[in-house]
2 protein chains.
Amino acid sequence: MPPPAQQGHVPVTLKDVAARAGVSISTASNALTGSRAVSAVSVERVLSAAAELGYQKNEAARTLRTGLRNAIGLVVPDVTNPFWGGMVSTIDRIAAESGFHVALTNTEFTPQRETAALARLVSRVDGILLFSTHPTGSAVRPLLDLGIPVVACDEAFELDGLGGVYSDNEAGARAAASHLVDAGGSVFGILEGPATLTTAQQRARGFRQGLQERGVLTTDIHAATAEYSFEGGRQGIRRLLAENPAIDAIFACTDNQAIGGIFEAMDMGRTIPDDLLVCGFDDISWSSRIAPSLTTLRQDAEGMATRAADMLLEMITVGGEPSVQVFPVELVARDSTRRGAGGESPVTSL
Amino acid sequence: MPPPAQQGHVPVTLKDVAARAGVSISTASNALTGSRAVSAVSVERVLSAAAELGYQKNEAARTLRTGLRNAIGLVVPDVTNPFWGGMVSTIDRIAAESGFHVALTNTEFTPQRETAALARLVSRVDGILLFSTHPTGSAVRPLLDLGIPVVACDEAFELDGLGGVYSDNEAGARAAASHLVDAGGSVFGILEGPATLTTAQQRARGFRQGLQERGVLTTDIHAATAEYSFEGGRQGIRRLLAENPAIDAIFACTDNQAIGGIFEAMDMGRTIPDDLLVCGFDDISWSSRIAPSLTTLRQDAEGMATRAADMLLEMITVGGEPSVQVFPVELVARDSTRRGAGGESPVTSL
DNA sequence: CTGAAAGCGCTAACAG
DNA sequence: CTGTTAGCGCTTTCAG
């Protein structure tokens, strides 16, 4: 009968396992990793020795030797927002399937935390998935020079050697403009996002372009800047409507803003969609739940997260080349822009 | 003039820095870490050499030598749910302040992913914050035996040596019962959670107790099991109301369920709160946004996350003892249980 | 205050 | 198929 399994705080090393199995350290290692042929008997003995001792591979030692950390860094602005939360969930699942773990940093939109996270991650992960809110080359260039694969996601980031996975924000926003004109809008408000966010810039630009194409005059377009949040939307729309009471159609850069805006507008006595049309961007799950349900541009969050994770893992494991991929978005028309008749939710791909 | 800074994929080691600074490796190390007194001149030379070469400390080597990983594992069921998302955000902030990074795993409520995550985390982190949905000692006991600090959070988990941070679920649910009776409920429905979740058990038990204390007969209490999600709530309430149309008050174990339930009930033609009173649990941000706003039991998510992270970091860094801490919850009465007059949102601490 | 050297646990040559 | 051995880069004795 074998002695009792190793307990307590003294770590069990490969040496212990080898000794108990009566083989050399390298045979024990190879039996465990399978990187070299080992006789069935030895494998069996090593495996049971490891199990009896409760052996746990020391990842730090393996990393030091091989240079592989089996970890990816994930830098996002706000996991509380279901748009990013869902992507985090997808990425975590894919990483886990490949045996990678995810080192998460939530920056809360601050450049300091983003920069700090990047610096901290350098020597701890094999690659980084970056949802940047302050895309400065100076923080990312060094990573690339160090040979660390980086894939930017959601927020566009132009840099040589950087992978990218984005939505077609401009096309989506143009479609929003056209849809709001069709729905009966005549004086327009834009709830823009913070200036550092490329998604905010692209969506605002696309929306203006779209209105212009439909012949709307610049004097009938008003804008306010607001945080990418429910509260940001409330405040933004309050300012917008206070300064320009004639506004009868609003485009918000995110659903969170749009929903905050809807609630604020209703509190101000507006009726949606009759007094005010509202269109968001993202299609978070809550958008179809609130009343009135929110017309929005659906991003393929799942698809983008999957592509970004796959691209990064390929860059890490087989030296895959970074590429830039743009995902189409689709207009989901709901009650917030549907005057008169109710009905189903038609979806238009762009 | 010094040669150009090191670029490219060849990693810069401490040896390189020491050579360039003209000091020994140990002096370079001490200059960087400050663990031993070093002359001002040497410090200066080492620091500038490190900066010029773009030196990045190799964390794996440091970990191998010191045994410190400066990482905590965070295992949660669903980051998409703002209740957990918010806690993840808080924990990440606190960890980052102490120089720790967070290895996140999203289990999506599956025991396999939880077990796998725990196994993968053992040799990669200094401690684990566990939001378990399948609290089995067999997965956690080994971690404790290995000397890895573990703090359970949200879902109660009884095990020697395990830290714990929980809400007082029973007291909260009792308060919900009393509140629903006061609000005019007479036939009650419970939207229970999955049986493996201790929060679900505690809340259901507390609610039944509370009803009993108020003299409600067992025959007037009906229950259905549902996932902790919006869709789970929809389905659960549909079954509940189909089988027991007399139900006029519902207690859901989570706000997500409650909100799904409200929407489903309204789709079924019920008016809330007049036909049906609804009370949730959590107080996620959306609960105050929907119409009718949701009466619920507010958990101190921020406080719990802070306490859990602090406790874990103390256990890791100064050998702090694990303890079990229960946070009070408070009833937030809103429109979903307020028949007749509208008004503000009174809050009752328990 | 500084340097030389040991060694953390593992993998991957390099011999058998 | 197996064993011996040389480090991966760092921190930390141990000697000056």
Side-chain angles (χ1 to χ4, degrees), chain A residues 6 9-47 49-50 53-71 99 122-126 146-147, chain B residues 6 9-47 49-50 53-71 99 120 122-126 146-148:
Chain A
Q6 170 84 32
H9 300 190
V10 183
V12 180
T13 73
L14 194 53
K15 197 167 141 192
D16 303 324
V17 174
R20 174 174 253 255
V23 298
S24 72
I25 295 184
S26 61
T27 296
S29 170
N30 290 316
L32 257 15
T33 63
S35 61
R36 180 168 91 167
V38 171
S39 73
V41 214
S42 297
V43 171
E44 160 61 24
R45 300 182 62 166
V46 170
L47 257 38
L53 297 174
Y55 171 70
Q56 293 288 346
K57 183 203 305 262
N58 182 319
E59 289 294 332
R62 196 192 67 99
T63 297
L64 180 56
R65 190 60 240 254
T66 64
L68 301 172
R69 288 169 263 254
N70 283 353
V122 180
S123 49
R124 298 177 205 255
V125 298
D126 300 306
L146 249 27
Chain B
Q6 172 83 30
H9 300 190
V10 183
V12 180
T13 73
L14 194 52
K15 197 168 141 191
D16 303 325
V17 174
R20 175 174 254 257
V23 299
S24 72
I25 295 182
S26 58
T27 296
S29 171
N30 290 317
L32 255 17
T33 63
S35 60
R36 179 168 91 169
V38 172
S39 72
V41 214
S42 297
V43 171
E44 160 61 24
R45 300 182 62 167
V46 169
L47 257 39
L53 296 174
Y55 172 69
Q56 294 286 346
K57 184 203 308 261
N58 182 320
E59 289 294 331
R62 196 192 67 101
T63 296
L64 180 56
R65 189 60 237 255
T66 63
L68 302 172
R69 288 171 264 254
N70 282 355
R120 196 154 31 79
V122 180
S123 48
R124 300 177 203 256
V125 299
D126 300 305
L146 250 26
I148 298 178

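Reckoned from all heavy atoms, side chains included, excluding hydrogens, waters and symmetry mates. If you're wondering where the values come from, they're calculated on a predicted model, not measured in any experiment.
- As judged by a 4.0 angstrom heavy-atom cut-off over every strand, A:T63 is placed among residues making no nucleic acid contact.
- At a threshold of 4.5 Å between non-hydrogen side-chain atoms, the residues B:V43 and B:L32 do not count as touching.
- Side-chain atoms of A:S29 and A:S26 form no donor-acceptor pair, as typed in the model, at a separation below 3.5 Å.
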Exercise for the section: Could you walk me through whether B:N58 and B:T13 pass side chain to side chain contact (heavy atoms under 4.5 Å, CB included), step by step? Expected result: CA-CA 8 Å; B:N58 182 320; B:T13 73; over 6 Å; no
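- Chain B approaches DNA chain D over the interval D:dG9 to D:dC14, counting the first and last nucleotide 5' to 3' with an atom under 4.0 Å from its heavy atoms.
- Within the structure, every pair that satisfies the side-chain hydrogen bond (donor to acceptor under 3.5 Å, both in side chains) test and touches residues 33-47 of chain A, not counting sequence neighbours, is listed here: A:N30-A:S35, A:T33-A:S35, A:S39-A:S42.
- For the helix from C:dC1-D:dG16 to C:dG16-D:dC1, the end axes, each set by the C1' atoms of five terminal pairs, are bent relative to each other by 40° (nearest 10°).
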Fill in the blank from the handout: Once base and sugar-phosphate atoms are separated, protein heavy atoms under 4.0 Å mark nucleotides 11-16 of chain C, 5' to 3', with B, S and - as BBBB--
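- Looking only at side-chain heavy atoms (C-beta outward), A:Y55 and A:D16 stay at 4.5 Å or farther from each other.
- Of all the heavy atoms in A:L14 and A:A28, the pair that sits closest is CD1-CB, 3.9 Å.
- Proximity of B:V17 to B:V12: side-chain heavy atoms (C-beta onward) are separated by under 4.5 Å at one or more points.
- For the pair B:L64 CG and C:dC10 C1', the computed distance is 8 Å after rounding to whole Å.
- Partners of B:S123 by side chain to side chain donor-acceptor pair (under 3.5 Å), not counting sequence neighbours: none found.
- Taking atom NZ on A:K15 and atom P on C:dG7, their separation rounds to 10 Å, with Å as the unit.
- Side chains of A:V46 and A:V23 form a contact here, defined as non-hydrogen atoms less than 4.5 Å apart.
- Within the structure, salt bridge (Lys or Arg N to Asp or Glu O under 4.0 Å) pairs that include any residue of residues 54-71 of chain A comprise A:E59-A:R62, A:E59-B:R124, A:R69-A:D126 (at least two apart or interchain).
- Rounded to whole angstrom, the span from the CG atom of A:D16 across to the C1' atom of C:dC10 amounts to 13 Å.
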